[in-house]
J.: 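One structure, as structure tokens, below. Some questions next.
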Amino acid sequence: MSRLPAGMYLPGASCLHRLDPLVKLVGFVIFIAAVIVTDSVWGYALLAVFIGGLIVLSGIPLNTIFGPVRRTYLFFLTIFFMNGFFFSAADPLWSRWFFCLSWAGMIQGANVVLRLIILIIAGGILTATTSPMEITAALRRLLKPLGYVGIPVDILSLIISVAIQFIPVLFEEVETIRKAQTARGARFDSARLRERAESMFPLVIPVFLAAFRRADELALAMEARGYRCGKKRSEVAKNSLHLWDIGALFIVLGVLMVQIFVF
Amino acid sequence: MPIVLENVSFTYGTGTPFETVALREIDLRIADGEFVGVMGHTGCGKSTLIQLMAGLLTPAHGKVMIDGADINGKGYPLANLRQRLSIIFQYPECQIFETTMEKDVAFGLKHSGLSAPEIQAKVCRALESVGFSFEEIRSLSPLELSGGEKRRVAIAGALVTEPQILILDEPVAGIDPVGRGDFLKLVSGLNRNGVTVLMVSHNTDVLGDYAERILVLDQGRLIMDGPTRSVFSDVEKLEKLRLGVCRPRKIAHLLKERGVQFPQDIVSYEDLLKAVIKSRKSVAVS
Amino acid sequence: MMTTVKKAIITAVCAALCVVLPTAFHAVPNAGSIFLPMHIPVLLAGLICGWSYGLICGLIGPLLSTLFTGMPPMAYLPSMLIELAVYGAATGLLMSLVHTREIYTDLYISLIGGMLIGRIVAGLSRALIFAGGSYSMAAWATSYFATALPGIVIQLVLLPSIVFALERARLIPMRYPQ
């Protein structure tokens, strides 16, 4: 258990921590839209101010926020150059074969990278201030209206909650099997790609067998206890939105509107 | 291939809020051909200890030496060690993955550099040692077997390399009594032929019957280490640790508490029987 | 035939494996983009439980992975959700349409078809969402085929082996009972 990746949640009591998880989730989706429509310097400046405000409000250490960005800098460089070199522009600075370096391409690359970084930071703030359980609960509330258009929300909820239960169990299972096969001579950390690829078989096949055996047992037990999908179950009392929750939603919506209509 | 642990410590989750020390300053030497039992509660560090010996974990401090070489040293051929040291985990049947019995058992020899006929001969020997007929079952799917049969295939897979050191983690858990007897007979046979055996078990009767030396771990420390007779002689201490002793030893201890003159160096059922027969004879003579 | 409950639980287990399997390869640099360990459970859910369950697994798996491990980062999540959902749904759909009386043929057709459709849809969505139409064919081809080639080959060998093993262990019903 102790070796399970802990996720990114940092318990705290800031106003972002206390905000309704559903609002944070919806706000994040609106923010993604705002980021996607942004393409001017002033637009990015507004986003930067907004994100900066969120960081200050959340009280999360800067290291946690910028860590993921720093760790994946190679990926950003790749994205930047892929855009820079493959962009088909009318006035290339340099071109050979299908490589074609241009100012327009580099601006395009910078745009994509900036958007990604902003989204990573925003996602980081969301997951640092909201526990995985809260997010999945909010997700279930968000999905509920889908039930009215014929989507089986109860099956979705069942799948989500069972999956969460299984994560630590299967994590242990994978560790055990990895060690057993290493002891038998499997080479998971071989320098040769081929050996590493071959070593997937003794790991992945037993993991699926073990996982499906557990699924089989659980399904049998649930059916034996009379569980059926589509049956109405008692509802947990709904928590309603507070004034500040609604206010927060309006602020994010405001950012989106400004991005669309002003810049 | 003696196993030597020098001042070994191990910590899980270093640098996270969940940091826990699993082993503290273990010093240990296991000579060739010994049969060592390891006892302790869940979380006492037994599993960590055997995984360190097998090179599956790296100690935070200290050295694990096998055959005089530090197995975590730079350039140590761990792949080579895996051919000479086998470890059988609890429920080993979960590691089966190949399409035929022969292929699954042969997995451990994949990197051995042996020729195909040599590998086949070894696989045949391993499968027959666990009671299968090689020609009958070689091309069957191991996944279609019963639980007990799968366990035997997995054991054959660990024995196929003919290891000099065999480490067993709760080997008799969830096995039927007949299968348990056969398996223990197989292991003690290997031990008689010079294989070092290290057996982690909660089953004190099995340890009393087979182990010649016992290690007791508690909260990451090695608190008892000695011949089975002398470790099991301290009944009070082991009961205080809630580990207990084997039943023959317990019976001898209870007899002594009732004031009966009875030898106290008993660990196996064989010892108990001999002592009972001897005391009856002495009663008959007097 | 499997009951709805069983299909739902299998899908849940596959979604959990979307979180767990990539962590088993975390020690290997770039294993995620080369071996694509998250694709395996999604494709399997589609193959075994049908298109709708493949789709659900493709949505829930990466989402839970982001929430619990931070990988993939939130920003890549939308395009990944689309890609994996299409893989799961397309392989499941093909599996229910293709019946050649030979399980391996069915599996290969469904897998290859599903992977192609998934990559085309993912490329299109990425072009529309992230790069406003300037995302070029060459970039798409490199990221979805060249770097992913080992992963594609592994999946084509591994998935039929997993299905075979599960059938042998009687954990899923036989597709063509003898």
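By convention in this document, chain letters (A, B, ...) are assigned in the order of the sequence lines, proteins followed by strands, and residues within each chain are numbered from 1.
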J.: Answer with side chain, backbone, both or neither: which region of Glu173(A) has an atom nearer than 4.5 Å to a non-hydrogen atom of chain B?
T.: neither

J.: Please report the interatomic distance CD1(Ile177(A)) to CD1(Ile96(B)), rounded to the nearest 0.5 Å.
T.: 11.5 Å

J.: If you count heavy-atom pairs under 4.5 Å between each of Ala183(A), Gly185(A), Pro202(A) and chain B, which one has the most?
T.: Pro202(A)

J.: Nearest 0.5 Å, please: how far is CZ in Arg187(A) from CZ in Arg82(B)?
T.: 9.5 Å

J.: Which distance, rounded to the nearest 0.5 Å, do you find between the CG of Leu209(A) and the CD of Gln95(B)?
T.: 12.5 Å

J.: Which bit of Arg178(A) comes within less than 4.5 Å of chain B, counting heavy atoms only: side chain, backbone, both or neither?
T.: neither

J.: Any carboxylate oxygen within less than 4.0 angstrom of a Lys/Arg side-chain nitrogen, looking at Asp104(B) and Arg184(A)?
T.: yes

J.: Heavy-atom cut-off 4.5 Å, strictly under: side chain, backbone, both or neither for Phe107(B) against chain A?
T.: both

J.: Between Pro92(B), Cys94(B), Ala54(B), which has the largest tally of heavy atom pairs under 4.5 Å with chain A?
T.: Cys94(B)

J.: Any chance CD of Gln219(B) has more than 12 other-residue heavy atoms, nucleotides or ligands included, within less than 6.0 Å?
T.: no

J.: Contact part of Ala180(A) toward chain B, heavy-atom cut-off under 4.5 Å: side chain, backbone, both or neither?
T.: both

J.: Heavy-atom distances under 4.5 Å only: say whether Ile167(B) touches chain A with side chain, backbone, both or neither.
T.: neither

J.: Counting only heavy atoms not in His41(B) (residues, nucleotides, ligands), do more than 12 fall under 6.0 Å from its NE2?
T.: yes

J.: Could you tell me which portion of Phe208(A) (side chain, backbone, both or neither) has an atom closer than 4.5 angstrom to a non-hydrogen atom of chain B?
T.: neither

